[in-house]
Amino acid sequence: MTTMMVTGGTGTLGRPLVARLREEGQDVRVLSRRDPHHPVDLRKGQGLDAALAGVGTVVHVASSPMGGDDEAAGNLLSAARRAGVEHLVYISIVGVDQVPYPYYRVKHKVERMVEGSGIGWTVLRATQFHDLVRSVLRALGRPPVMLLPKGLQDQPVAVEEVAGRLAGLALGSPAGRVPDMGGPEVRDLRSLAEAWVAASGKERRMVEVPLAGRTYGAFRSGKHLAPGGVRGSVTFEEFLSERGA
């Protein structure tokens, strides 16, 4: 049995992914700065060689919107080549090549780094997790009036379903870029906000506000959606019913 490593294994996606792989009987090594067995700082590359010893497959889900993903990926890929890693699975975001948002641009850069690494690779792009959409709506719902960007849609997906698909990809052979994954429904942002308001028990007046800029235009055009991709089954309302608003 090949040892697997999950970067960011203590995060929102990493936790259910590690649990799923262990349910499949896999020997999983969790990489994080605070792990007592394999403390690694990806940005600095410290501890990577020791952590990757004997690892055959890496699932790279560690990420930071604050920046540095490309630097971390460079360190990881270099160490993975030295360790003889055979398969690297990377989670990305739908639209990283079409939405000119800085975080997306870096994610797309990492995709290209993975593709050119010389390691067998698999890249899955997913839409936004339910958790992120809920966090955004919580922030927008703090004032009595919710100001919503006009004309936006989203296709939120359950993180557990993405974790399940990633686990299946990690257990298989390198597959290159696989079909995108999204939630079961493409929804207007207003309808998602209405679902959140209903679940929270709060009363909020909603006002849709048009924004400007290329990034907003790309989101309005649906470049971040995957209507023709693999779809999860958990709706936003089901997520809220289970997890709360």
Could you pull out all residues at least two apart from [X] that satisfy side-chain hydrogen bond (donor to acceptor under 3.5 Å, both in side chains)?
X    : value
N75  : none
S117 : none
S233 : E161

**Q.** Derivation of the side-chain contact (heavy atoms from CB on, under 4.5 Å) call for H130 and V159
**A.** CA-CA 7 Å; H130 290 312; V159 67; over 6 Å; no
Q) H224 pairs by ring pair (Phe, Tyr, Trp, His ring centres under 6.0 Å) with which of Y101, Y103, F219, Y216? A) F219
Q) Do R134 and F129 come close enough that some side-chain heavy atom pair is under 4.5 Å? A) no
Q) Between E111 and R177, is there a salt bridge with N-O shorter than 4.0 Å? A) no
Q: Decide, yes or no, whether a salt bridge links R125 with D180 under the criterion of side-chain N to carboxylate O below 4.0 Å.
A: no
Q.
Between T7 and V30, does the side-chain contact (heavy atoms from CB on, under 4.5 Å) criterion hold? Intermediate values first, please.
A. CA-CA 6 Å; T7 71; V30 175; over 6 Å; no
Distance from [X] atom [atom1] to [Y] atom [atom2], nearest 0.5 Å?
X    : Y    : atom1 : atom2 : value
L76  : D69  : CG    : CG    : 11.5 Å
T57  : D27  : OG1   : CG    : 11.5 Å
Q153 : S191 : CD    : OG    : 8.5 Å
L166 : M181 : CG    : CE    : 9.0 Å
L137 : L189 : CG    : CG    : 6.0 Å
R204 : R142 : CZ    : CZ    : 11.0 Å

Q. Should M4 and L171 be marked as a side-chain contact (heavy atoms from CB on, under 4.5 Å) after you check the CA-CA gap, both sets of side-chain angles, and the distance that decides it?
A. CA-CA 9 Å; M4 294 187 173; L171 292 168; 3.5 Å; yes
(Q) Regarding S173 and H87, do their side chains bring together a donor and an acceptor under 3.5 Å, going by distance alone? (A) no
Q | Donor + acceptor pair across side chains of Y90, K107 (<3.5 Å) | A | yes
Q: Output every pair passing salt bridge (Lys or Arg N to Asp or Glu O under 4.0 Å) with a member in residues 236-245, not counting sequence neighbours, ordered by first then second residue.
A: D131-R243, E160-R243, R187-E237
Q: Starting from the C-alpha separation in whole Å, work towards a yes-or-no answer on side-chain contact (heavy atoms from CB on, under 4.5 Å) for D154 and V133.
A: CA-CA 9 Å; D154 209 349; V133 174; 3.5 Å; yes
Q.
Please check if the number of heavy atoms outside E208 that lie under 6.0 Å from its CD is greater than 12.
A. yes
Q: Identify which one of K109, H108, R112 satisfies the side chain to side chain donor-acceptor pair (under 3.5 Å) criterion when paired with D70.
A: K109
(Q) Test of understanding: with salt bridge (charged side-chain N to carboxylate O under 4.0 Å, His left out), list the residues that count as partners of R105, not counting sequence neighbours. (A) none
Q. By salt bridge (charged side-chain N to carboxylate O under 4.0 Å, His left out), which residues pair with D49, not counting sequence neighbours?
A. R82
(Q) For a quick test of reading the model, state the closest non-hydrogen atom pair linking P100 to T215 and the distance between them. (A) O-OG1, 3.1 Å
Q: Mark yes or no for whether S200, through its side chain, and K202, through its backbone, hold a donor-acceptor pair below 3.5 Å.
A: yes
(Q) Which residue is it: L88, T3, V89? I am looking for the one with a side chain to side chain contact (heavy atoms under 4.5 Å, CB included) to V58. (A) L88
